There are 2 protein chains.
Amino acid sequence: MSNVDLLGRRKFITGLGIAGAAAATPFAMPALASSVSAEGVKWDKTIDIAIIGSGFAGLAAGIEAKRQGAKDVTIFEKMPVFGGNSAINGGLFAAPGTPMQQEKGVTDSVETMVADQMKSGRGIADEGLLRHVAEHAMEALQMTLDAGSVYHPYLQQLGGHSVPRTYQTTVSCGAGITQPLLKQCRKEGVETENRVKFAGFVLDKTGKVEGVKLIKGYYFGEEDSGKPYYVRTNRGVIMATGGFAQNVNLRMAQDPTLTAEVGCTNAKGATGEGMFEMFRLGAVPVHMAHIQSGPWASPDEGGFGYVSNYSIFNFPHSIAINRMTGQRFMNEIADRKTRADAELNCRDGNGDPLPPIMITSWEHAKQHPNAKKVLKYGVGWKFDTLEELAKHFDVPVKALKQQIEEYNGYVKAGVDKQFGKNMGKAKGKYIEAPYGVVRLWPKVHYCQGGVQITKKAEVLDSFSGAPIQGLYAAGEVTGGVHGISRLGSCSIPECMVMGMTAARSIMGA
Amino acid sequence: MSNVDLLGRRKFITGLGIAGAAAATPFAMPALASSVSAEGVKWDKTIDIAIIGSGFAGLAAGIEAKRQGAKDVTIFEKMPVFGGNSAINGGLFAAPGTPMQQEKGVTDSVETMVADQMKSGRGIADEGLLRHVAEHAMEALQMTLDAGSVYHPYLQQLGGHSVPRTYQTTVSCGAGITQPLLKQCRKEGVETENRVKFAGFVLDKTGKVEGVKLIKGYYFGEEDSGKPYYVRTNRGVIMATGGFAQNVNLRMAQDPTLTAEVGCTNAKGATGEGMFEMFRLGAVPVHMAHIQSGPWASPDEGGFGYVSNYSIFNFPHSIAINRMTGQRFMNEIADRKTRADAELNCRDGNGDPLPPIMITSWEHAKQHPNAKKVLKYGVGWKFDTLEELAKHFDVPVKALKQQIEEYNGYVKAGVDKQFGKNMGKAKGKYIEAPYGVVRLWPKVHYCQGGVQITKKAEVLDSFSGAPIQGLYAAGEVTGGVHGISRLGSCSIPECMVMGMTAARSIMGA
């Protein structure tokens with residue numbers, strides 16, 4: 001284990017050392033034609049609403065648009081499969097005041113959830129947007145339940161949340177939401193077309209978005225594939241095209257250390273052309289520099305993998321250990337940025353990355369559905385004694401023993417004197433043999449940056465300060481909502497609520 | 001003094017409480033027409049190079065363009081006076097390996113200066129661009145000397161710099177550079193036109209910038225004033241239009257707390273339309289969220305004022321005191337972000353802003369040319385005893401006395417055990433009566449964000465990743481150079497070097 005095959009973040013290792021890691025797209029964007037004037041455009045068809053992208057935001061927008069009485073609504077997806085990056089996320093959904101919270105005796109409110117997010121956002125999150133999302137989160141959760149999503153019968157308390165308020169799909173994956181929503185869309189009459197790529201807006205003389213230029217029959221990665229396809233929209237366009245975490249040039253423009261060698265949890269299609277085309281139209285770029293890395297990822301597997309959900313579930317009753325010192329180095333349930341920054345500081349004597357380890361009593365670790373898988377696929381380990389564990393990971397065993405004793409004292413007392421961790425979820429869960437262990441290293445996960453929007457999902461023009469007519473945006477393609485660091489499980493409610501909001505705005509509801 | 005008239009940053013106070021403070025422009029941008037196709041444009045004139053903006057970058061570009069053999073070069077300035085925001089900055093110029101450093105026995109190098117800036121940039125600054133600027137900083141300094149700029153005969157060591165490397169104009173102001181450069185421009189045949197506003201690019205069929213749409217006879221703030229004026233460029237356009245710190249809507253999009261009530265050191269013309277028009281053209285927005293506040297500003301005067309230069313000069317041999325505790329709360333020469341964040345944490349019992357004070361022995365303070373002015377204009381105070389000082393600012397006198405004794409021990413030992421301040425410049429400078437005092441509170445000062453450029457000052461297209469033909473940018477309008485926090489006195493060399501670089505690139509040098 002001393003020769004780490006790790007893809008460092010601050011120090012680069014050439015080549016792609018992770019078996020099976022999805023290579024990030026070095027420059028996936030084609031030279032798009034800019035948006036064009038409607039004059040002379042030959043429309044292929046006219047519909048009420050065009051929705052670009054089929055993740056949480058696009059699907060929720062589709063369903064809500066039909067429920068608000070829209071006639072022809074089509075979701076266009078550039079990839080061969082629907083669901084976008086949403087389909088491969090962790091399927092974690094935060095909402096305040098849910099029936100499960102009431103059942104478990106958890107006191108929560110819109111204001112508590114907003115306060116948690118403002119804190120993580122380091123004061124520059126958009127409080128109005130966060131409140132709007134929190135107020136409608138239950139409604140969005142209900143939409144998924146009605147469509148057939150199934151959640152675990154327990155709540156999780158993710159890093160930075162002051163109470164347990166997070167549902168998770170039983171498949172531990174966003175597909176547990178996108179697939180039912182996609183079915184629901186079709187059931188309610190939303191058209192869905194895949195392999196159709198967004199290629200620009202079509203504008204009328206006043207600058208209003210009158211439709212979209214698309215590429216039909218597009219094969220991702222083959223930028224010459226497909227042919228132009230002009231769709232006119234009676235009511236408007238909803239951009240739900242997601243972030244740009246897989247576009248290496250664009251993410252390196254913000255952070256030169258996020259090279260192609262750095263791991264990324266996102267679907268390959270997250271290349272950002274919808275967002276950047278909106279900037280060309282005059283949308284305000286907000287918080288582009290704030291790209292979030294997930295502190296729960298493993299350097300031993302590609303993408304989101306099996307470890308991420310396993311560690312998210314186990315962090316509250318686990319300890320994260322710096323292998324140089326044998327000691328804890330962070331509050332295991334702090335917000336994502338706090339933890340990712342702390343992990344990146346775990347280095348060997350040469351300053352090279354030395355991924356820290358998360359230690360959990362196997363008795364508790366095995367409660368998570370991925371526990372057996374992390375062992376099976378060699379991205380997690382089980383040890384009967386601390387000595388074996390310490391030897392395997394080259395950790396000073398004496399210091400580690402002391403640390404565990406100390407931490408178990410905190411479990412007993414209910415107070416973490418080292419890092420102020422909320423021990424509520426750790427109650428009675430001592431760190432004891434046998435031990436489950438995974439390695440941790442942050443991966444690029446989420447773009448906080450995007451286009452500035454209003455609480456009506458309108459996109460503002462940088463010169464006039466007014467909404468761009470005929471245009472709406474929802475989800476990760478928008479920026480500023482979460483500030484410097486987004487809390488886990490807050491993206492699904494945001495995507496869905498803002499998708500629903502866009503549909504309502506467009507329908508004048 | 002307990003009822004502070006301060007304009008808080010994290011807590012808002014309605015209304016403009018600062019006497020004489022320049023009100024930030026709530027929404028200065030007109031609804032510009034987007035860039036237009038060259039087809040059908042009736043050109044008013046054709047020149048070699050159009051330079052938009054007359055600050056450090058624009059002026060250096062003008063001079064260098066002529067020296068490289070350009071024929072017709074015109075600088076267009078929207079305001080009635082030339083010099084832009086540069087003319088009112090502090091006139092501080094950092095360069096490594098200068099004659100004055102050699103004279104004073106200071107060891108410095110390009111790599112040391114780059115390392116200082118990378119540290120302040122928190123790892124996401126553009127190392128290649130910083131090195132390019134540091135390598136050519138001496139050359140730019142020479143251009144100002146040749147043009148007639150006069151500097152103080154001493155070097156300053158500003159916050160975050162590991163050695164003294166900063167020249168300052170004798171007028172303690174950027175006008176000490178812009179005015180000589182403007183004269184030099186005219187002497188070398190550069191045309192200069194004021195009250196001409198940039199209003200968009202004119203593009204040929206391939207997307208190349210073929211010229212600019214301007215508004216001639218423009219009166220700032222009267223968005224209907226002036227008339228269109230089309231200038232064709234044989235060689236290209238250099239955008240040197242600066243930042244957007246005075247555009248409240250656009251800065252609040254990045255940080256909702258930077259309301260119109262928050263102080264700003266910038267000239268009123270810093271409204272960002274050049275930058276945002278380049279985003280419309282396809283330029284990549286970089287680091288837009290990183291807006292720097294100056295920790296040396298005073299809440300007792302508007303804009304940059306008299307205190308800023310006074311405190312920049314005095315910080316190395318002064319102490320900054322939290323009035324609640326009577327104690328120091330920061331390294332007085334840490335980088336700008338570190339200090340601004342620390343000052344913003346100085347609060348009274350209600351959480352309201354309680355501006356900290358900077359205490360200097362008057363014997364040393366009076367060496368600065370602004371020392372008498374800060375007393376004269378009532379934005380600085382002089383006290384014969386610590387008791388009077390403590391009473392005036394409501395500071396616990398016992399704690400303050402202890403703090404000063406302790407600090408004077410650090411001066412003697414040459415080591416600051418509290419905050420690790422570099423005590424080199426404090427040698428022999430004890431804090432003793434009589435005392436000079438100013439209040440401190442951060443003001444919006446600099447936009448690290450802007451368009452992504454190459455080391456040739458080319459502007460990259462977000463889709464193709466290639467330079468936009470016919471377009472160059474230099475200075476604060478560009479982004480990513482400095483990362484999260486720019487070091488003081490590093491903007492003038494950057495603006496000038498990149499302006500010169502743009503001129504060389506455009507001339508194929």
Side-chain angles (χ1 to χ4, degrees), chain A residues 9-10 26-35 37 121-128 203 207 244 247-250 252-258 272-273 275-291 344 448-449 451-452 460-466 479-480 483-484, chain B residues 9-10 26-35 37 121-128 200 203 207 244 247 249-250 252-258 272-273 275-291 344 448-449 451-452 460-466 479-480 483-484:
Chain A
R9 187 164 180 269
R10 299 285 157 190
F27 214 89
M29 270 190 194
L32 284 194
S34 289
S35 294
S37 159
R122 311 290 200 274
I124 64 162
D126 188 319
E127 196 165 353
L203 309 175
F244 60 94
N247 192 309
V248 175
N249 276 24
L250 292 179
M252 282 183 70
Q254 308 299 331
D255 182 344
T257 68
L258 299 179
E273 58 270 28
M275 184 190 296
F276 280 77
E277 185 61 36
M278 283 193 276
F279 297 149
R280 286 169 193 249
L281 201 60
V284 182
V286 177
H287 293 184
M288 294 299 289
H290 297 312
I291 299 175
L344 290 169
Q448 270 106 193
V451 301
Q452 187 185 22
L460 296 178
D461 180 285
S462 64
F463 289 145
S464 69
I484 289 180
Chain B
R9 189 164 180 269
R10 300 285 158 192
F27 214 90
M29 272 191 194
L32 284 194
S34 290
S35 295
S37 159
R122 312 292 199 273
I124 65 162
D126 188 319
E127 196 167 352
L203 309 175
F244 59 94
N247 191 308
N249 276 24
L250 292 179
M252 283 183 68
Q254 308 299 333
D255 183 344
T257 69
L258 299 179
E273 58 270 28
M275 184 190 295
F276 280 78
E277 186 61 36
M278 283 193 275
F279 297 148
R280 287 170 192 247
L281 202 59
V284 182
V286 176
H287 294 183
M288 295 300 289
H290 298 312
I291 298 175
L344 290 169
Q448 269 105 195
V451 301
Q452 186 186 23
L460 296 178
D461 180 286
S462 64
F463 289 146
S464 69
I484 288 179

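Below, read A as the first sequence line, B as the second, and so on, with proteins coming before strands; counting in each chain starts at 1. Fair warning: this is a prediction, and the values are worked out from it, not measured in the lab.
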Exercise. Check whether any side-chain heavy atom of B/Pro285 lies under 4.5 Å from a side-chain heavy atom of A/Phe279, and answer yes or no.
Key: yes
Exercise. Drop me the distance from B/Phe463's CZ to A/Leu250's CG, to the nearest 0.5 angstrom.
Key: 9.0 Å
Exercise. Give, as side chain, backbone, both or neither, the part of B/Gln452 having an atom under 4.5 angstrom from any heavy atom of chain A.
Key: side chain
Quiz item: Quick one: of B/Gly483, B/Gly480, B/Gly282, B/Ala283, who has the most non-hydrogen atom pairs under 4.5 Å with chain A?
Solution: B/Gly282
Quiz item: Are B/Phe276 and A/Val284 close enough, and set up right, to give a side-chain contact (heavy atoms from CB on, under 4.5 Å), and what steps lead you there?
Solution: CA-CA 8 Å; B/Phe276 280 78; A/Val284 182; 4.1 Å; yes
Quiz item: For B/Ala125, is it the side chain, the backbone, both, or neither that has a heavy atom closer than 4.5 Å to a heavy atom of chain A?
Solution: backbone
Self-check item: Heavy-atom pair count under 4.5 Å with chain A, highest-scoring of B/His287, B/Glu127, B/Gln254
Solution: B/Gln254
Quiz prompt | Residues in side chain to side chain contact (heavy atoms under 4.5 Å, CB included) contact with A/Ile484, at least two apart in sequence or another chain | solution = A/Arg122, A/Ile124, A/His290, A/Lys337
